[in-house]
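Input: a single structure, listed below in structure tokens.
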Amino acid sequence: MGDIILDLAVSLDSLIEGPNGEYDWCIMEPEMDFSGFLNSIDAVFYGRKSYEQFGSQVPDTFSELERETYEVVNGKKKYVFSDTLSTENCPDTVIRSRDLLRDVAAVKQQTQKNIWLFGGASLVTTFINHNLIDEYRLSVHPIVLGAGKPLFQGIEQRVQLKLTGSKTFPSGVIQLYYRRG
């Protein structure tokens, strides 16, 4: 049974995208070993908006490295949390919110490796509020955006975490690894 891992890039001011939805500030460098992370997962959890933006296609604006990465991601089993998507519009598995806890437990039982909680922000909030995230892996980027979408909104209670590791990269990105405390 795999763990659910939240792996996200955040700005120093805890934003996951800029004021116009941009993520051009995110740094990918080989030392981050993102391919190693991808090899540790066999499924990805998406919210509807994130799935429509990233889960069903590779954006034209991506670099060659980003394209290769997302082709690997798109080869993983995908689960989309949505009450509005129909299976006609989504060839991947759609999970409705009314059965969230049961369905997440069933997916965890079916996986050999970990599950990447890709996002978006409202899905992350739902998972935090239901205590479903096993590991938080945040890559803090050396930028203050000032405005945009915050990572943590609508959290209903404190979540105690234990730092299990950190890595610093040449770009100034710091990856922080936490487990539920």
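What's counted below: heavy atoms across the whole structure, side chains too, no hydrogens, waters or symmetry copies. Positions are given from 1 along the sequence.
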Check: Do D103 and K108 meet the salt-bridge criterion of a basic N to acidic O distance under 4.0 Å?
Finding: no
Next item on the list: Taking only Lys NZ, Arg NE, NH1 and NH2, and the carboxylate oxygens of Asp or Glu, determine whether R180 and D134 approach each other closer than 4.0 Å.
Entry: yes
Side chains of [X] and [Y]: does their closest heavy-atom pair fall under 4.5 Å?
X    : Y    : value
S40  : K113 : no
T126 : L100 : yes
I27  : I143 : no
H141 : W25  : yes
I133 : D3   : no
I41  : T111 : no
Y136 : L161 : yes
V140 : L176 : yes

Check: What about the rings of F45 and F81, do their centers lie closer together than 6.0 Å?
Finding: yes
Checklist line | Ring geometry between F118 and Y46 (parallel below 30°, tilted from 30 to 60°, perpendicular above 60°) | finding: tilted
Margin query: Quick check: closest heavy atoms across W116 and D7, and the distance to 0.1 Å?
Written below: NE1-O, 3.0 Å
Euclidean distance, [Y] [atom2] relative to [X] [atom1], rounded to 0.5 Å:
X    : Y   : atom1 : atom2 : answer
L8   : Y23 : CG    : OH    : 14.0 Å
I115 : D42 : CD1   : CG    : 7.0 Å
E22  : L15 : CD    : CG    : 10.0 Å
M32  : F37 : CE    : CZ    : 13.0 Å

Check: Cation over ring, K77 on Y79, under 6.0 Å and within 45°?
Finding: yes
Margin query: Has K167 got a side-chain atom pairing as donor or acceptor with I174's backbone, closer than 3.5 angstrom?
Written below: no
Item checked: E29 vs S171, side chain to side chain contact (heavy atoms under 4.5 Å, CB included): CA-CA, chis, key distance, verdict -> CA-CA 8 Å; E29 53 191 315; S171 64; 2.3 Å; yes
